Number of protein chains: 2
Amino acid sequence: MFRPLFWEEDHLVLLDQTRLPWEERWLRLARWEEVAEAIRTLRVRGAPALGIAAAYGLALAALRPKPGRTPRQEVAEAREGLRQTRPTAVNLFWALERMGRVAQSAPEEALFPALLAEARRIHEEDIAANLRMGEFGAALLPPGARVLTICNTGALATGGHGTALGILRTAWSQGKLGRVYVCETRPVLQGARLTAWELLREGIPFRLLADFAVGLLFRRGEVDAVLVGADRIAQNGDFANKLGTYVLAVLAHRHGVPFYVAAPSSSFDLSLPAGEAIPIEERPEEEVLAPYGCRFAPEGARAWNPAFDLTPGELVTAFVTERGVIRPPYARTIPAALSG
Amino acid sequence: MFRPLFWEEDHLVLLDQTRLPWEERWLRLARWEEVAEAIRTLRVRGAPALGIAAAYGLALAALRPKPGRTPRQEVAEAREGLRQTRPTAVNLFWALERMGRVAQSAPEEALFPALLAEARRIHEEDIAANLRMGEFGAALLPPGARVLTICNTGALATGGHGTALGILRTAWSQGKLGRVYVCETRPVLQGARLTAWELLREGIPFRLLADFAVGLLFRRGEVDAVLVGADRIAQNGDFANKLGTYVLAVLAHRHGVPFYVAAPSSSFDLSLPAGEAIPIEERPEEEVLAPYGCRFAPEGARAWNPAFDLTPGELVTAFVTERGVIRPPYARTIPAALSG
């Protein structure tokens, strides 16, 4: 199985996603600060992958404390530093919490092996969860389904296989998938750069869309289901995901098309009763004004660049998790599905 | 007043909009085929501007018939050639019809001056219509209005001043406008390249958006009105306009925000009872895959690239025309407003 990041000897190896699809550049990261930089600059992105990368980052901190520091001190600083990288996806905080519990109980001399083992468990559990989601999700799709998706929720966004795109991968292997429509996903173009790259490798037929082409696509009856990922899901089913997800949900609702959200339980934040409290990251204006060095806007133009939007739970047909499919009323069914 | 095209001596002078905002390159066109090429390749675009350019194109045909042809024969061929350039905006066909009537009644020796005079009338009438729309439309906006728009509907899209953007220009001069939110308008980026260029020249405050940022913008209550242009409007108020317009209309409806369409009477096509019959142009996939030479998608990826979408009249709060503001029920009010 293709993995966009993995541990090798004493390094974290990570595919630099800012260089895709032009170049497959693998980075060897030796220090947690390099992991933090990779997260901030989107070399690794996708909610589950952020959690996994951060977990390996703590292992690196325990392995290479700075002079005058104990491994435990370095890990504490790394947890704080990694926590500051990106605010929206909850998996990052979830992984840091989980790793923190291991750090607390491990003796100083065993800190690195304990943290590396836990990071590897987080990674393997993510892949297993994705494969289960793939089965649960594929069962929801009609034969020959034409599925609309946004951003990248594939192997690149996770430990491997993917969430929403993992379901499409599973459905394709079962012969159930007709075609994928991929929103290019401005401003950072994860759809055009990353999802297209993954789908080409799999041989899954797809069409890229300028994001706003989705309106006509729905009007023409070309969409059988919408399938997206999630960066953070509140108790009532409100969730944050890539900018534009809310637009897809509103259109799906208007056109009577099912709207599914695929996410592992680590993407749920039961501390939040509703979505309004989810912090929405705003990123540099240059991502809009001059993507990848191609300046389209005149000098002096200003942009507003939120990376995510918020979709109310009432627009979600079902959540697909590794524990099964969750249906409304979410304020009751989500806590029930995730407990124990 | 800034005009993106004008007649000078014996040429049509035209600002090459594919080079904006990087370079202000003015083209001197001597033959109608050059006008057709400029239309096909989007050097000139925008429904009203297409009509004006085509009208001047017929004047060029009358001025410079090819060897062995009479001016009238050349004009007939030019009408056919120009008709084939782009299918959606009705203003092109409207202008060719109107010029055709003049060509029929003018004597052969006076064909060129008659056609040039008519093209100039079409141009001047368009500017006058835009200024009237500006007054009618600005009166609809609340003080300090934050207005969302798409594509370019400014001077560049018309003979001068603009339709939807013309209203914003008028509202700004009246001190009524707070801020403009501009969809970058993928794939050809008329918002980022052209509308931003016009707004910067006017000093009107604005923010560029990745198109899908509109969802969060509405959710945050940041939009007081949506104002768009139109490429072709049917009798019942259904209309074709830049891809994404339908998405804006659906969101405005959901959030209770007024949705206005600004267009001169030459954009209405009363031969169509409803919008489904409006032809929707599909353009080269490369516009999505590699805009302006910047390739974002991997080699081998395919795209679907319709240039327009269709918005049902029931989502339109009002049409702003040079004859006044038209409100529902459109099947009755549109024919009434345009008759006589």
Side-chain angles (χ1 to χ4, degrees), chain A residues 20-22 150 181-187 189 192-193 196-197 199-200 205-219 242-251 253-254 280 285 287-289 291-306 308-311, chain B residues 20-22 150 181-187 189 192-193 196-197 199-200 205-219 242-251 253-254 280 285 287-289 291-306 308-311:
Chain A
L20 286 177
W22 309 290
I150 184 171
Y181 287 108
V182 181
C183 294
E184 64 174 358
T185 317
R186 279 282 286 146
L189 295 154
R193 297 189 304 107
W197 183 81
L199 291 173
L200 278 171
F206 70 95
R207 286 290 182 282
L208 269 176
L209 309 175
D211 294 325
F212 264 173
V214 295
L216 189 64
L217 196 73
F218 274 105
R219 276 192 67 108
K242 176 55 54 199
L243 196 70
T245 301
Y246 171 59
V247 176
L248 300 186
V250 168
L251 287 167
H253 182 73
R254 181 177 171 91
I280 299 291
E285 297 179 33
E287 290 182 354
V288 175
L289 302 171
Y292 302 96
C294 297
R295 175 161 292 276
F296 296 130
E299 295 290 339
R302 300 286 311 274
W304 180 55
N305 185 23
F308 304 93
D309 65 19
L310 212 59
T311 301
Chain B
L20 286 177
W22 310 289
I150 185 171
Y181 286 108
V182 181
C183 294
E184 64 174 358
T185 317
R186 279 283 284 147
L189 295 155
R193 296 189 305 106
W197 183 82
L199 291 173
L200 278 172
F206 70 96
R207 285 290 182 282
L208 269 176
L209 308 176
D211 294 325
F212 264 174
V214 295
L216 189 63
L217 196 73
F218 274 104
R219 277 193 66 108
K242 175 53 56 199
L243 195 70
T245 301
Y246 171 59
V247 177
L248 300 186
V250 168
L251 287 168
H253 182 73
R254 181 176 170 92
I280 299 290
E285 298 180 32
E287 290 181 354
V288 175
L289 302 171
Y292 302 95
C294 297
R295 175 162 292 276
F296 297 130
E299 295 292 339
R302 301 284 313 272
W304 179 55
N305 185 23
F308 304 93
D309 65 20
L310 212 58
T311 301

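Model, not experiment: these values are computed from the prediction. Residue numbering restarts at 1 for every chain, and letters A, B, ... go by the order of the sequence lines. Note: hydrogens, waters and symmetry copies are ignored here, and every other heavy atom, side chains too, is used.
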Which region of [X], side chain (C-beta onward) or backbone (N, CA, C, O), has a non-hydrogen atom less than 4.5 Å from a non-hydrogen atom of chain A, or is it both or neither?
{"X": "B:L289", "result": "side chain"}
{"X": "B:L251", "result": "side chain"}
{"X": "B:L200", "result": "side chain"}
{"X": "B:P306", "result": "side chain"}
{"X": "B:E299", "result": "backbone"}
{"X": "B:L217", "result": "both"}
{"X": "B:D211", "result": "both"}

Between A:C294 and B:Y292, is there a side-chain heavy-atom distance shorter than 4.5 Å?
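SC-SC contact between B:Y292 and A:C294 ruled out.
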Compare all side-chain heavy atoms of B:W304 with those of B:V288 and state whether any distance is below 4.5 angstrom.
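Side-chain contact under 4.5 Å: no.
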Non-hydrogen atoms of chain B under 4.5 Å away: do they reach the side chain of [X], the backbone, both or neither?
{"X": "A:L310", "value": "both"}
{"X": "A:F296", "value": "both"}
{"X": "A:L189", "value": "side chain"}
{"X": "A:P291", "value": "both"}
{"X": "A:F308", "value": "backbone"}

Between A:E285 (side chain) and A:R302 (backbone), is there a donor-acceptor pair under 3.5 Å?
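It does not hold such a pair.
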For B:R193, enumerate each residue passing the salt bridge (charged side-chain N to carboxylate O under 4.0 Å, His left out) test, keeping only those at least two apart in sequence or located in another chain.
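None.
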Considering residues at least two apart in sequence or located in another chain, which fulfil the salt bridge (charged side-chain N to carboxylate O under 4.0 Å, His left out) criterion with A:R207?
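Counting only residues at least two positions away or on another chain, A:R207 forms no salt bridge (charged side-chain N to carboxylate O under 4.0 Å, His left out).
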Leading residue by heavy atom contact count with chain A [cutoff under 4.5 Å; candidates B:P205, B:G215, B:C183]:
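Ranked by contacts with chain A, first place is B:G215.
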Return the option, out of B:P298, B:G300, B:A303, with the maximum number of heavy-atom pairs under 4.5 Å with chain A.
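It is B:P298.
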Closest non-hydrogen atom pair between [X] and [Y], with its separation:
{"X": "A:A249", "Y": "A:T311", "value": "CB-CG2, 3.5 Å"}
{"X": "A:A301", "Y": "A:A297", "value": "CB-CB, 4.1 Å"}
{"X": "B:A192", "Y": "B:L208", "value": "CA-CD2, 3.6 Å"}

Which value, rounded to the nearest 0.5 Å, describes the distance between B:R186 atom CZ and A:E184 atom CD?
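Those atoms lie 4.0 Å apart.
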Does the Lys NZ or Arg CZ of A:R219 fall within the cation-pi geometry relative to B:Y246 - under 6.0 Å from the ring centre and within 45° of the axis?
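Pair A:R219/B:Y246 counts as cation-pi.
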Could you tell me which of A:F218, A:W22, A:Y181 has the largest number of non-hydrogen atom pairs under 4.5 Å with chain B?
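The residue among A:F218, A:W22, A:Y181 with the greatest pair count is A:W22.
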Below 4.5 Å, heavy-atom pairs only: which of A:L216, A:D309, A:L248 has the largest tally toward chain B?
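Ranked by heavy-atom pairs under 4.5 Å with chain B, first place is A:L216.
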